[in-house]
Amino acid sequence: MNIHEIRSSYLDFFKRQEHAVIPSASLVPENDPTTLFTGSGMQPMVPYLLGESHPLGARITDSQKCFRSQDIDEVGDNRHTTFFEMLGNWSLGDYFKKEQLRWVFTWLTQEIGLNPNQLYVTVFRGNESIPRDEESVAVWKELFSEVGIEAKDVDHSERDGMQGGRIFYYDDTKNWWSRSGSQENMPVGEPGGPDSEMFWDFGETLGFHESSEFRNEPCHVNCDCGRFLEIGNSVFMEFKKTETGFESLPQKNVDFGGGLERIAAAAADDSDVFNIEAFAGMRTTIESLSGTKYQDDTNAYRVILDHLRAAAFLIADGVAPTNKDQGYFTRRLIRRAVRFGRNLGITESFCGRVGAQVISEYAPMYPKFEEMNHVIQKELESEEEKFLKTLGKGEREFKKMFERAGAISGEDAFVLYSTYGFPIELTEEMAGEQGQEVDRETFMAEFKKHQDLSRAGATQKFAGGLADHSEATVRLHTATHMLHQALRSVLGDHVEQRGSNITPKRLRFDFSHTEKMTDEQKQQVEDLVNENIQKDLPVHYEIIGLDEAKSRGAIGLFEDKYAQLGGKIKVYFIGDEATDEYFSKEVCGGPHVERTGELGHFTLKKEESCASGVRRIKAILD
Ligand code: SER
C-alpha cells in the first residue's frame, strides 16, 4: 500500500467508528504564538483537549501535515524527515484506552496487514505523581492473546535488553507526552498524559544492531540502532500541570498520532522510509540529473528528498524563503539541499524539477499544490539561483578561513552569512565535517550588532558605505582601498579617508587634502592602481588586536564599527602573504575580491572639492 492508500484506509476506518474527518491545518499555526510550525497533529487540537467543545463533535480524525525544524540535522538516516504526515484520531472526553488501543491494533493488523508478531509496545512505568498504566497493559495483553501471542510485560532496563518481553515500561522521558516533553519540562497549565507507543520490528536478521554503533548495547525497542521503528503513539491526555503537580483535566482525552510514511515503511517491511513510493519520482529526477544512484550516497539523497519536499509544502502554505521567522527555515532547507546537490555532481538547476515531482505526487491530496504550482517551482528555482551565485565563492572563502586558523570563528561565520548567504547552521555543518565547532555566541553577537546598525538609520545603512554586496560593488570596494593607498603614495601620508560610497556603477571617495590634484598626480594615481591590478595580487584579511594593526601600518578608520570584532579588528591586506609585502593594509569590514586581477581597468572620472580641506574622487572599473 502506498501512503495515499494508507491515509484513506485510516480515515475511512475511523469514520466507521463515528469520527468526523477534518482537513489538515496549515503548517503555520494560527493563533498559537508558542511555536513557529505545526509539529504534531495535536497542536491545532489543544483548545478542544482543554475542554472547549469542537463543532464537529467528540470524535475527530485527520492526517495533519507536520514540520519539525529541530530534526533538520537528524535527516540522513533511514527514518528521520523534517516534514511528515501524522495520522490522528481524537477522543475529546469520549472513548478512552480500551477502544483506542483496540482500534489502532485492529487497523494496523487487519486493514494494513501488519504481522502482530513484529509489533511491540511501551507503556508508562509510573512515578510518585502518576500511577503505572496497568489499564493499557491489560488491554494489550488481551489484544495480543486474541492473535495467539502471549505478551509478557517487562520493566525496561538498559542492561537487560529485550528480556523476552512484548510490553515495556518506560519513564516519563519516553512514555509521557506533552508539547513540552517530560513532566518536569511542562509549564503550569499545559495538558499532557501517559502514552503507549507501538513499534515495528524489522528484524534482527537485518543486522542493524550488529553493524551499528549500538552493537555493544543490548537491543531494546527505544534504542537507536534502527531495528525498531516507532509507528504510532496513543496519548491518554487527562492531566494538566499545576504549581505543585498535576490535576485532572475536565475530560479524559485520547490523542493518537501515527507517522504515515513510517507505517508505509512497516507495511513494506523495508526499514528505509525513503524507499516509499512517494519519493520515487523525486529520486529518479535526482538520479538522472546527477548520474548517480540513490545507493551511492543515501545521506545526500535523503537530505535533498526530505528538504525539497518540506520546502515545497512550506511554500504551499505561504512560507517563501526569506531571512527571518518561518521563511528562514525554507531558505535553510533549500540551501542545504543545493549544497548536497552540488556534492552529488548536479550541475543544472534542479530544485524546481524536484519540486515538480513533489507537486505531482501530492496534488491529488492537497489541491493547494495545483493552485500554487508555479509559485512553488519559481520560489525553489530562484532561491537555488540566488544561492548558487555565492556558494562557490563562499566555499572557497570557508576553505581559506579554515586553512588560516584551523577553525571557523564566529566572526568568520558571520562573514559567510552576510556576504555569501550561508545560514549559520550550514557553516556549522561544514565546520563539523572538519571536526570543528563554530562559536555561535560570537556569531550571534555579530549578527545582533549588524541588526542594530542596520536599524541605526539611512546614512549608516550599508556596511562601509556599500550599497549592496553584488560582485560589481565588491570589486569597486577593493578598488577604493587601492585608490586610498595610491593617493597616499602620490600626495603624502596626510591623506585620510573622510567618506566612501559605493554602488555597482562607481566608487566615490572623499579624503583630506587641501589642493586640487594636478593632471599629472591624477595620472600617477590611476597608473599605480592599474599596475597593482595587473599584478593580480591576492587579497586576504586577518583579525588582529588594535595595537598590532597600528604597528603593522594599517590605515583606515580604526573606529569602523563593522571592522571591530570582540576587541579585535579586521584588516584587509592586498599583496603577497609569503613575502609580507603589501600594497595596501586597511581596516575594514569587507567584503573584497580574492585577487586584484578581478578588477579589470581602473579609471578616475572626476576629482573635485567636496568640503573645506576635503576632496572627492569618482572612479569606475571596466
Ligand atoms: N501528540 C502525540 C505525538 O505527537 C500523538 O499525536 O506523538
Side-chain angles (χ1 to χ4, degrees), residues 6-7 10-11 13-14 19 21-22 24-25 27 29 32 34-50 54 58-71 74 79-97 99-101 103-105 107-108 121-124 133 136 170-183 185-187 190-200 221-222 228-241 249 251-263 266 273:
I6 294 174
R7 192 196 295 113
Y10 176 81
L11 297 175
F13 181 89
F14 279 91
H19 286 62
V21 181
I22 60 166
S24 173
L27 283 170
D32 184 356
T34 60
T35 170
L36 286 174
F37 296 106
T38 303
S40 71
M42 66 80 82
Q43 252 164 256
M45 300 296 292
V46 171
Y48 311 110
L49 295 164
L50 287 169
H54 195 289
R59 296 184 180 192
I60 308 289
T61 186
D62 71 358
S63 177
Q64 173 64 46
K65 297 175 282 186
C66 299
F67 177 68
R68 290 192 177 167
S69 58
Q70 65 274 26
D71 281 349
E74 306 281 337
R79 58 195 180 283
H80 278 97
T81 57
T82 56
F83 170 86
F84 58 95
E85 281 176 81
M86 196 182 252
L87 301 175
N89 64 270
W90 283 272
S91 158
L92 304 169
D94 193 64
Y95 58 86
F96 209 45
K97 296 181 184 177
E99 298 85 344
Q100 169 59 22
L101 297 179
W103 283 335
V104 175
F105 188 77
W107 176 69
L108 282 174
V121 301
T122 61
V123 293
F124 182 53
D133 189 1
S136 292
Y170 280 86
D171 66 14
D172 71 312
T173 61
K174 292 280 184 210
N175 280 86
W176 179 272
W177 207 89
S178 79
R179 283 180 298 180
S180 22
S182 66
Q183 293 182 343
N185 290 335
M186 290 167 73
E190 182 69 18
D195 66 31
S196 182
E197 302 181 357
M198 303 174 86
F199 291 81
W200 179 254
V221 293
N222 261 318
F228 292 98
L229 182 68
E230 185 200 330
I231 56 171
N233 184 14
S234 298
V235 184
F236 304 113
M237 200 164 274
E238 54 171 324
F239 300 106
K240 185 158 112 176
K241 183 86 179 265
L249 284 170
Q251 62 195 36
K252 288 184 173 184
N253 306 293
V254 173
D255 153 21
F256 172 78
L260 177 60
E261 292 97 337
R262 289 177 168 211
I263 294 171
V273 298

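The model shown is predicted, which means the values in this text are computed figures rather than measured ones. Just so you know, residue 1 is the first one in the sequence shown, and it goes up from there. Whatever order the structure lists them in is the order used to number ligands and atoms, beginning at 1.
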Within the 4.0 Å heavy-atom cut-off, what Phe256 brings close to ligand 1 is backbone

Note: Val235, heavy atoms under 4.0 Å from ligand 1, region reported as side chain

Near Ser40 (heavy-atom distance under 4.0 Å), the atoms of ligand 1 are 4 (O)

Begin with the C-alpha distance, continue with both residues' side-chain angles, and end with the deciding distance and a verdict on side chain to side chain donor-acceptor pair (under 3.5 Å) for Thr38 and Gln43. CA-CA 6 Å; Thr38 303; Gln43 252 164 256; 4.6 Å; no

Only one of Phe14, Phe256, Tyr10 passes ring-ring contact (aromatic ring centres under 6.0 Å, His included) with Trp107, and that residue is Tyr10

When distances are taken from atom 1 (N) of ligand 1, the protein heavy atom at minimum range is Asp255 OD2, 2.7 Å

Contact region, Met45 to ligand 1, non-hydrogen atoms below 4.0 Å, reads neither

Side chain to side chain donor-acceptor pair (under 3.5 Å) between Glu190 and Ser178: does it pass, once the steps are laid out?
CA-CA 7 Å; Glu190 182 69 18; Ser178 79; 5.0 Å; no

Taking only non-hydrogen atoms of Asn233 and a 4.0 Å limit, the atoms of ligand 1 in range are 5 (C), 7 (O)

Ligand 1 to Met42, heavy atom cutoff 4.0 Å, flagged ligand atoms 1 (N)

Measuring only between side-chain heavy atoms, which start at C-beta, is Phe236 closer than 4.5 Å to Val254?
yes

Heavy-atom closest pair (Glu85 atom, Glu261 atom, distance to 0.1 Å) is N-OE1, 3.6 Å

In ligand 1, the atoms that come under 4.0 Å of a heavy atom of Gly257 are 5 (C), 6 (O)

Atoms of ligand 1 under 4.0 Å from any heavy atom of Arg68, numbered from 1 in the order shown, are 4 (O)

The single option from Ser182, Ser40, Pro191 that satisfies side chain to side chain contact (heavy atoms under 4.5 Å, CB included) with Trp177 is Ser40

(message) Ring-plane angle category for His19 and Tyr95, please: parallel below 30°, perpendicular beyond 60°, tilted otherwise.
(response) tilted

